[in-house]
K.L.:
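Have a look at the structure that comes next, please.
Note: hydrogens, waters and symmetry copies are ignored here, and every other heavy atom, side chains too, is used. Being a predicted model, the structure only gives us computed values, none of them experimental. We're numbering straight along the sequence, starting at 1.
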Amino acid sequence: MKVLLFTHEQDIDGMGNVILGSQAFSDFEYVTVKTFEVNQKVGIRIEDGTIYDYDFVFVTDVCIKEPLLKQISEDERLRNKILVLDHHKSEIDEGNDKYDFVNIIVEDDKGKTSGTSLFYEYLTNNGYLQKNETLDELVELTRQYDTWEWKNIYNNPKARKLHILFEVLGYQEYIKIVSRMISESNGVNFNDKEIKIIDDFDKKFKEDIDIIISGMKLYNLDVNGEEFNIGYVKCPYKYRNDINEIVMKNNVYNVDLVGMIMTDMDTVSYRLVHDVDASKVAVYFGGKGHKAASSNPQNNEKFANVLEMFRGE
């Protein structure tokens, strides 16, 4: 069986699917995609015809959008080999789950889902992969981190440690590290080198955070009558899941959420400070996501006013 995977490249949830796919299938290839380029990457494989060479094509932690969805639905060969597994509520709001080959599952009987947890259930339920304790732990830590339950429910720093290794080393080295853990069958545990990488990350974050927060710009946004007070900062992508924790402890500007304009990517990430729906802000600016964590591209007309506040800095 020849299998192709398209998956989100920007977090451990997307990479969890690569790891699972490589464990399940011997003839396995993957393509990494950024949040807003899945149509482009899948479309290239359809246009050049190479997608027809695979028995199964999975799309995980991201969702194909129109008009490519309609094109796939009208091609019997494609719609019978492609399966989308995603968990972002904004995709349901857009109506992208109306096709049989698209599965958007935000919650199941275990709680909030992630791309990795959905793929794991699919693979194990269909006999492609055998469950074991290390895979169970890896999938659960990934799910906890992606849904923020590691912080809000379980107080489980091990999930964040996986994220840090991914951010510092990149997805290829991350895959190697986790694959080693699986082969050793000793659970998700870190060696001395990995622990030092994690400690150095936290030390550097503490050095950088005051400068990042001091450059915050306030922006008030009305989305269909709902007001959002957003604190925008500029920062590297690796800090996107840590800055709002600092703002929560010292929210002098009473912002509802933090908008992080990435200095090393073309996206903006949102994280909550108050109990609002960050996805409404992201969607307004042409993005997508969850209530607590969402994103939008920087290069769109509506967001130009926000970027203007940082001009010259």
K.L.:
Considering non-hydrogen atoms only, spot the tightest contact between S269 and R240 and give its length.
P.N.:
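Smallest interatomic distance, heavy atoms only, reads OG-CD, 4.0 Å.
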K.L.:
Does this structure show an ion pair linking K196 with D200, if we count only N-O contacts that are shorter than 4.0 Å?
P.N.:
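Counted as a salt bridge, because a side-chain N and a carboxylate O are separated by less than 4.0 Å.
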K.L.:
Work out which heavy atom in I212 is nearest to a heavy atom in Y239; give both atom names and the distance.
P.N.:
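Shortest heavy-atom separation between I212 and Y239 comes out as CD1-CD1, 3.7 Å.
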K.L.:
How about L135 and L20: do any of their side-chain heavy atoms sit closer than 4.5 Å?
P.N.:
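Yes, their side chains come closer than 4.5 Å.
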K.L.:
Flag the pair I175 / Y30 as yes when at least one side-chain heavy-atom distance between them is below 4.5 Å, and no otherwise.
P.N.:
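In contact.
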K.L.:
Any side-chain heavy-atom pair from I72 and I46 closer than 4.5 angstrom?
P.N.:
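When only atoms from C-beta onward are counted, I46 and I72 do touch, with a gap below 4.5 Å.
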K.L.:
A side-chain contact here means heavy atoms from C-beta on lying under 4.5 Å apart; do L141 and W150 qualify?
P.N.:
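No, every pair of side-chain atoms sits at 4.5 Å or beyond.
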K.L.:
Would you say the side chain of I64 lies within less than 4.5 Å of the side chain of V102, judging by non-hydrogen atoms?
P.N.:
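Result no, sub-4.5 Å side-chain heavy-atom pair not found.
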K.L.:
Would you list the atom pairs, donor with acceptor, under 3.5 Å between side chains in residues 283-293 and any protein atom, with sequence neighbours excluded?
P.N.:
from : atom 1 : to   : atom 2 : distance (Å)
K288 : NZ     : E91  : OE2    : 2.7
H290 : NE2    : H88  : NE2    : 3.4
K291 : NZ     : D275 : OD1    : 2.8

K.L.:
Work out which heavy atom in I230 is nearest to a heavy atom in G259; give both atom names and the distance.
P.N.:
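Result for this residue pair: CG2-N, 3.9 Å.
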K.L.:
Output the rest of the hydrophobic cluster of F36: all Ile, Leu, Val, Met, Phe, Trp and Tyr residues reachable through side-chain heavy-atom contacts under 4.5 Å, sorted by chain and number.
P.N.:
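Its cluster partners, ordered by chain and number, are none at all.
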K.L.:
Please determine whether side-chain contact (heavy atoms from CB on, under 4.5 Å) holds for the pair H274 and N251, giving the CA-CA distance in whole Å, both sets of side-chain angles, and the decisive distance to 0.1 Å.
P.N.:
CA-CA 10 Å; H274 291 153; N251 191 8; 3.6 Å; yes
K.L.:
For the side chain of K238 and the backbone of V168, is there at least one donor-acceptor N/O pair under 3.5 Å apart?
P.N.:
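Judged by distance alone, no pair lies under 3.5 Å.
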K.L.:
Is the ring pair F28/F25 parallel, tilted or perpendicular, if the boundaries are 30 and 60 degrees?
P.N.:
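F28 and F25: parallel rings.
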K.L.:
Over all heavy atoms of both residues, which pair between E9 and F166 is shortest? Give the atoms and the distance, please.
P.N.:
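That closest heavy-atom pairing would be O-CZ, 3.3 Å.
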K.L.:
Would you say E37's side chain and K34's backbone share a donor-acceptor pair under 3.5 angstrom?
P.N.:
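Here the side-chain-to-backbone pair exists.
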K.L.:
How close do N189 and E194 get, heavy atom to heavy atom, and via which atoms?
P.N.:
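Taking N189 first and E194 second, the nearest heavy atoms are O-OE1, 4.1 Å.
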K.L.:
In the structure I gave you, are the side-chain heavy atoms of V18 and Y171 within less than 4.5 Å of one another anywhere?
P.N.:
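The answer is no; the side chains never approach within 4.5 Å.
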K.L.:
Taking NZ, NE, NH1 and NH2 as the nitrogens, is one of them in K65 or E94 under 4.0 Å from a carboxylate oxygen of the other?
P.N.:
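E94 and K65: salt-bridged.
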K.L.:
Check whether any side-chain heavy atom of V84 lies under 4.5 Å from a side-chain heavy atom of N103, and answer yes or no.
P.N.:
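No, side chains not in contact.
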K.L.:
Is any side-chain heavy atom of R271 less than 4.5 Å from a side-chain heavy atom of W148?
P.N.:
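Touching, per the 4.5 Å side-chain cut-off.
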K.L.:
May I ask you to decide whether K70 forms a salt bridge with E66, counting only side-chain N to carboxylate O separations under 4.0 Å?
P.N.:
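A salt bridge is absent here (no side-chain N lies under 4.0 Å from a carboxylate O).
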K.L.:
Quick one: does any side-chain atom of D264 pair with a main-chain N or O of Y237 as donor and acceptor, under 3.5 Å?
P.N.:
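Looks like yes, one N/O pair under 3.5 Å.
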K.L.:
Step by step, would you call Y128 with F119 a ring-ring contact (aromatic ring centres under 6.0 Å, His included)?
P.N.:
CA-CA 11 Å; Y128 298 119; F119 197 34; 9.2 Å; no
K.L.:
Using a distance-only test with no angle check, is there a side-chain donor-acceptor pair under 3.5 angstrom linking T60 and T7?
P.N.:
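The criterion, which ignores hydrogens and geometry beyond distance, is satisfied for T7 and T60.
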K.L.:
Are Y232 and F310 an aromatic pair, judged by ring center distance below 6.0 Å?
P.N.:
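No; Y232 has its ring centre 6.0 Å or more from that of F310.
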K.L.:
Considering non-hydrogen atoms only, spot the tightest contact between E227 and D222 and give its length.
P.N.:
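Where E227 meets D222 most closely, the heavy atoms are OE2-OD2, 2.8 Å.
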K.L.:
Below 4.0 angstrom, N of the basic side chain to O of the carboxylate: do E308 and K217 qualify?
P.N.:
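Between K217 and E308 there is no salt bridge, as every charged N stays at least 4.0 Å from the carboxylate O atoms.
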K.L.:
Check each of D146, T116, D108 against H87 using the side chain to side chain donor-acceptor pair (under 3.5 Å) test, and report the only one that passes.
P.N.:
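Checked D146, T116, D108 against H87; only one passes side chain to side chain donor-acceptor pair (under 3.5 Å): D146.
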K.L.:
Return a table of donor-acceptor pairs under 3.5 angstrom between the side chains of residues 158-165 and protein atoms on other chains or two or more places apart.
P.N.:
from : atom 1 : to   : atom 2 : distance (Å)
K158 : NZ     : E137 : OE2    : 3.0
K158 : NZ     : V188 : O      : 2.8
R160 : NE     : D242 : OD1    : 2.9
R160 : NH1    : D202 : OD1    : 3.1
R160 : NH1    : D202 : OD2    : 3.4
R160 : NH2    : D202 : OD1    : 2.7
R160 : NH2    : D242 : OD1    : 3.2
H163 : NE2    : Y145 : OH     : 3.3

